[in-house]
Amino acid sequence: MAQDSADWNSDDDLDLQIDNYQSSPPSSPPAAVPSSDELFATLVDMGFSPENIARAIDEYGPNADTVVIIDAISKYTVTCEASSSKSKTIDHFLAMGFEEEKVIKAIHEHGEDNIEEIANALISSAAEVSPKIKEEEDIEWSESDDEKYANFLSSDDEKVSDSSSENGNQLRSLMNMGFSELEASLAIERCGTGEDVSIADLADFICAAQIAREFDEFHADPEEQKPNVKKRRIEPRREPRSSAADDEPLRLPNPMIGFGVPNEPGLITQRSLPAMARMPPFFYYENVALAPKGVWDTISSHLYDVPPEFVDSKYICAAARKRGYVHNLPISGRYQVQPPPKYTISEAFPLTKKWWPEWDKRTKLNCILTVNASAQLTNRIRLALEPYGGEPPESKKKYVIEQCKKWNLVWVGKNKAAPLEPDEMETLLGFPKNHTRGGGMSRTERLKSLGNSFQVDTVAYHLSVLKPLFPYGINVLSLFTGIGGGEVALHRLQIPMKTVVSVEISAVNRNILKDFWEQTNQKGTLIEFADVQDLSNEKIVELMKQFGGFDLVIGGSPCNNLAGGNRVSRSGLEGDQSCLFYEYCRILDVVRETTKTMRRS
DNA sequence: GGCATGATGATCACTTGC
DNA sequence: GCAAGTGATCATCATGCC
């Protein structure tokens with residue numbers, strides 16, 4: 001089928017296509033080197049404390065390499081967690097947002113044990129500074145919170161407006177500490193006022209409320225998110241949950257848009273990661289959303305309790321693809337790779353419009369699978385429709401629509417519905433046209449590999465936050481690489497790949513990635529391995545020492561035993577292929593531990 | 001031997017009707 | 001609230017043709 005001439009990968013010449021998408025700037029192109037403000041905001045979004053970020057930037061300078069900054073923050077965090085040398089009192093007040101210098105001074109003046117006096121001194125000090133109004137951030141509040149806040153304002157107007165009241169003082173004090181008025185008011189409303197409730201308790205309450213939103217920002221019942229006043233800012237790592245019985249099983253969101261997708265409302269730009277998930281490297285794991293019950297609970301529990309981000313790619317491109325992504329990437333500052341994917345079938349394949357019957361209401365295709373309809377089906381549909389001109393009976397329409405949805409057919413002639421060609425699938429999935437062509441791949445193998453691949457635009461949208469963090473390039477460990485969806489995404493984002501260590505069992509898929517690497521004139525190093533089970537811990541450490549560690553561990557383990565289409569062996573994570581998920585966990589753990597060791601030395 | 005083709009349900013989430 | 005119906009799903013395997 002001919003393609004829209006404006007399509008980003010529609011040129012026949014592969015080199016030209018590559019040039020096309022290399023040179024296309026992103027819609028909101030980030031600076032090559034992030035400003036200190038951008039860096040600060042991104043690191044806050046990653047879950048690092050503002051105090052540690054400021055400390056690291058102060059120590060190494062605003063132009064220091066991002067990796068150095070993260071490294072320094074990690075060290076502070078480790079030190080903080082271990083409470084080895086730094087006073088817990090200092091940590092306590094640093095976590096509340098006070099400046100370290102003033103905290104130390106207050107402790108010196110009032111003694112380390114006199115918490116209340118230290119707090120009062122710091123608050124007085126903060127009040128002397130000219131008021132700095134912090135803009136309302138994207139904090140999710142339930143309707144009941146809004147209602148309570150409104151009631152609070154209406155019923156306690158006098159208290160709030162009375163500058164001499166305890167309530168008003170506490171409100172102002174909390175706002176001076178950088179909390180929003182809404183946060184401060186809710187804390188006062190829920191904790192009460194008086195001598196038995198200190199500013200420190202209120203600040204702790206707000207911090208605890210932020211922690212309480214760590215998990216399941218989408219799914220959790222607000223009633224179940226009552227924060228614990230005594231909850232600490234940094235939680236110890238929880239042991240993997242042995243069964244889903246302890247917690248409510250993960251549920252798929254509707255609409256399935258994760259933390260938000262371009263062109264759709266409901267964007268979320270803040271989340272708090274479990275403490276154990278915050279340390280480097282970044283990881284990004286993908287698999288089918290519609291896995292057997294309990295599978296995603298298991299996956300999440302083995303990946304540091306990070307809740308999956310479920311996204312259906314139909315909200316980004318013209319084909320559905322329901323997937324879960326577990327990652328520790330920032331979610332603020334995402335942008336869509338350019339040019340954006342075609343959003344509907346008619347936009348993706350404009351020539352089909354001419355033949356598309358009015359009674360076929362589809363605007364999106366279903367998920368691209370690993371098998372395709374036979375050419376014979378096109379003939380059967382033609383024979384079913386031809387006797388009726390343009391208006392077949394309902395029974396025929398129903399049969400044809402059913403087959404079209406089942407096999408993802410598009411209209412390419414009068415009464416002629418045909419399966420997608422591999423290059424059309426490449427377009428839908430965000431790959432360069434002919435990406436899977438050659439390399440010794442048969443048509444059947446192309447279909448299988450494409451059916452198993454990432455939707456590049458979706459993955460690129462998630463990975464786009466790495467662009468300002470790695471202006472000088474990134475080291476990637478790519479597990480279950482397939483045809484290189486992650487690498488194509490990074491390339492389309494124009495994030496230089498310094499090193500890619502790829503592990504992929506299929507020889508033809510490895511050839512595809514190698515071809516892509518050469519065709520796109522990558523300057524970095526590509527190393528390919530065949531089997532994750534052969535990638536020993538020692539080898540991983542050796543590679544990391546050779547290349548200076550990995551910044552990103554990306555991959556989607558086999559879904560064969562999870563996918564709904566498997567009628568033979570849908571046996572879950574313990575299946576012959578899908579059990580390789582545990583290899584991803586093993587390797588990620590080794591990378592994390594080695595990263596920690598390397599950065600301490 | 002390589003490849004295309006077609007037959008083979010189960011599971012899950014969601015909708016609908018009562 | 002519950003049961004039945006509906007639709008979607010990164011698949012596997014045997015068979016026949018070239």
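Below, chain A is the first sequence line, B the second, and so on; all start at residue 1. What you are looking at is a predicted structure, and each value in this text was computed from that prediction instead of being measured.
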Partner of A:Phe480 by side chain to side chain contact (heavy atoms under 4.5 Å, CB included), out of A:Leu580, A:Asn452, A:Val503: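 So, applying the side chain to side chain contact (heavy atoms under 4.5 Å, CB included) to A:Phe480 and each of A:Leu580, A:Asn452, A:Val503, only A:Leu580 qualifies.
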Matching residue for A:Phe547 among A:Val500, A:Ile527, A:Leu477, A:Val476 - test: side chain to side chain contact (heavy atoms under 4.5 Å, CB included):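 By the side chain to side chain contact (heavy atoms under 4.5 Å, CB included) criterion, A:Phe547 pairs with just one of A:Val500, A:Ile527, A:Leu477, A:Val476: A:Ile527.
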Side chain A:Asn566, main chain A:Asn560, donor-acceptor under 3.5 Å: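 Side chain of A:Asn566 to backbone of A:Asn560, a donor-acceptor pair under 3.5 Å: yes, one is there.
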Check: A:Ser464 side chain, A:Tyr335 main-chain N or O, donor-acceptor pair, under 3.5 Å: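 Yes; at least one donor-acceptor contact below 3.5 Å.
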Consecutive Watson-Crick or G-U pairs in runs of at least 3, all under 3.5 Å, in which DNA chain B is involved: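 If one scans DNA chain B for consecutive Watson-Crick or G-U pairs, the stems found are B:1-8 with C:11-18, B:10-18 with C:1-9.
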Distance-only side-chain donor-acceptor flag, [X] / [Y], under 3.5 Å:
| X | Y | value |
| --- | --- | --- |
| A:Asp589 | A:Tyr304 | yes |
| A:Ser557 | A:Tyr285 | yes |
| A:Thr436 | A:Arg446 | yes |

Residue mapping more 5' on DNA chain B - nearest nucleotide basis, A:Asn254 or A:Asn372: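 Of the two residues, A:Asn372 wins.
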Nearest-nucleotide comparison on DNA chain B, the residue closer to the 5′ end among A:Lys293 and A:Glu445: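 Closer to the 5' end of DNA chain B: A:Glu445.
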Salt-bridge criterion met for A:Glu286 and A:Arg323 (N-O under 4.0 Å):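 A:Arg323 and A:Glu286: salt-bridged.
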Nucleic acid footprint by protein, nucleotides 7-12 of chain C - heavy-atom cut-off 4.0 Å, B for base, S for sugar-phosphate alone: -SBBBB
Separation between the C1' atoms of B:dT8 and C:dT9, rounded to whole Å: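 About 15 Å, rounded to a whole number of Å.
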C:dC10 and B:dA7, which share atom name P, separated by this distance in whole Å: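 So the two P atoms sit 23 Å from each other.
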Distance, rounded to the nearest Å, where A:Gln376 contributes CD and C:dC17 contributes P: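 Atom-to-atom, A:Gln376 to C:dC17, this comes out as 13 Å.
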